[in-house]
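Bear in mind the structure is a predicted one, so any value in this text is a computation, not a measurement. Each ligand, and each atom within it, is numbered from 1 in the order the structure gives.
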Amino acid sequence: MTQETAPVPLVDPFARPITYLRVSVTDRCDFRCTYCMSEHMQFLPKKELLTLEELDRLCSAFIHLGVRKLRVTGGEPLVRRGIMTFFEAMSRHLDDGRLDELTLTTNGSQMRRFAGTLADLGVRRVNISLDTLDDEKFARITRWGRLSQVLDGIDAAREAGMRVKINTVALKGFNDDELFRLVEWAAGADHDLTFIEVMPMGDIGNEDRLDQYWPLKDLRAQLETRYTVIDTPERSGGPARYVRLEETGQKIGFITPLTHNFCESCNRVRLTCTGELFMCLGQEDRADLRAVLRANPDDDAPLVAAIREAIRHKPKGHDFDYSRQTVRGRVSRHMSHTGG
Ligand code: SAM
Ligand code: SF4
């Protein structure tokens, strides 16, 4: 394979270095969370998906161009057959110092099976999604999931030595009554906890997202009735902001993707499981890297050129908006396609 010897790192037109790649390795999932997928979700034909070798080639190209953090997501990344081969391939970049962090976002259902291997391959931290600690509610929101299996997966990750961050989608009328229980559980188990505002992605059937929308400023106000909430300056280049609860010392993240307050420091791009590169979570502009990859099986120069060209189109900011009770800037693709 040809590779630039000392490539110029990726920097977008607004002088933001692109150091973080999220890659969705499958659109499939063993759950059907109501805010993410419809019950009868149509998945992509297999030939549309990048093979594990193609994923390796593409991610490696980004790493050679300066990406230092890779997050593997989906769909559910751990249901993709052979996915440990891909983690193993990526771990060579940890070994040679090109990559600082290899991580994943998962629903946790398969964690018991894979935690040891992931830890051995250099995964130090994992984000596990969990919206409720109630068995019946868990079954309702995921449609197909079992809470006990996910809690066991979380234990497995910790036993393997990984740090766990819990991702909780804030849903009005669903988990607003569990706020303190979730916070106390995370503190007791020493897991980080991040709340995510629900986003208008994809067609999910007849769920009404405006009904579910629980603004994190309201969630924070509820937290403040019991805790002293202290803002911290920590930034990750993405939409997360962090606070510390004085009484417990724990860190809580707030992801409000609908606000614009992070675009100026955005360091990330997203690659779908079909090889489309999205430069912004909130916009449809994309580049088809799969076509370039498949047209040039033995030469990475056109791929590198296509990546550079795509980054030249990274927009300054996005345009989600829940105001006036309509969802403007609605994005038709599913989170499971782009990766959360
Ligand atoms: N299956 C894995 C999981 O659930 O963690 C990884 C993919 S999932 C799409 C990534 C994250 O996106 C999860 O934390 C999930 O809760 C979140 N998510 C999915 N649909 C969402 C939506 N419409 N709004 C906000 N977050 C969403
Ligand atoms: Fe699957 Fe994750 Fe979407 Fe739930 S949020 S349906 S676990 S991809």
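Within ligand 1, the atoms closer than 4.0 Å to a non-hydrogen atom of Thr73 are 6 (C), 7 (C), numbered from 1 in the order shown. Those atoms of ligand 1 that come under 4.0 Å of a heavy atom in Asn167, given as number and element, are 14 (O). Of all atoms in ligand 1, numbered sequentially from 1 with element shown, those under 4.0 Å from a heavy atom of Gly74 are 7 (C), 9 (C). For ligand 1, the atoms closer than 4.0 angstrom to any heavy atom of Val198 are 24 (N), 25 (C). Listed by atom number, the atoms of ligand 1 under 4.0 Å from Met199 heavy atoms are 22 (C), 23 (N), 24 (N), 25 (C). Applying the 4.0 Å criterion to heavy atoms of Val169 picks out, from ligand 1, the atoms 16 (O), 26 (N). If you number the atoms of ligand 1 from 1 as listed, the ones under 4.0 Å from a heavy atom of Glu197 come out as 25 (C).
Under 2.8 Å from atom 4 (Fe) of ligand 2 lies no N/O/S atom of Cys29, from backbone or side chain alike.
Around atom CD of Glu136, more than 12 heavy atoms belonging to other residues, nucleotides or ligands sit under 6.0 Å away. Other residues, nucleotides and ligands contribute over 12 non-hydrogen atoms within 6.0 Å of the CZ atom of Arg112.
Salt-bridge check for Asp285 with Lys314: failed, with every basic side-chain N at 4.0 Å or more from each acidic carboxylate O. Classification of Asp12 and Arg312 as a salt-bridged pair fails, no side-chain N sitting under 4.0 Å from a carboxylate O. Between Asp56 and Arg92 there is a salt bridge, since a side-chain N of the basic residue sits under 4.0 Å from a carboxylate O of the acidic one.
Among residues two or more places apart in sequence or in another chain, the ring-ring contact (aromatic ring centres under 6.0 Å, His included) test is passed with Trp144 by none.
Checking only distances, Thr106 does come within under 3.5 Å of ligand 1, N or O to N or O. Considering backbone and side-chain N/O atoms, Tyr35 comes within less than 3.5 Å of an N/O atom of ligand 1. Looking at ligand 1, you'll find an N or O of Glu76 within less than 3.5 Å of one of its N or O atoms.
Residue pairs meeting the ring-ring contact (aromatic ring centres under 6.0 Å, His included) criterion with at least one partner in residues 177-196, sequence neighbours excluded, are Trp185-His191.
When only modelled atom types and interatomic distance are considered, Tyr20 and Arg71 share a side-chain donor-acceptor pair under 3.5 Å.
If you check each of Gly75, Ser109, Ser129 against atom 6 (C) of ligand 1, the one with the closest non-hydrogen atom is Gly75.
Using a 4.0 angstrom heavy-atom cutoff, Ser129 does not count as in contact with ligand 2. Not close to ligand 1: Gly108, with no non-hydrogen atom less than 4.0 angstrom away.
When each of Lys165, Arg125, Arg163 is paired with Asp192, the salt bridge (Lys or Arg N to Asp or Glu O under 4.0 Å) condition holds for Arg163 and for no other.
At a 4.0 Å heavy-atom cut-off, ligand 2 touches Cys36 through the side chain alone. Residue-level proximity to ligand 1 for Thr105 is carried by backbone and side chain together, each with a heavy atom below 4.0 angstrom.
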Inset, instruction - Take Lys137 and Phe174, measure what side chain to side chain contact (heavy atoms under 4.5 Å, CB included) needs, and give me the verdict at the end. - result: CA-CA 8 Å; Lys137 280 163 79 178; Phe174 179 75; 3.8 Å; yes
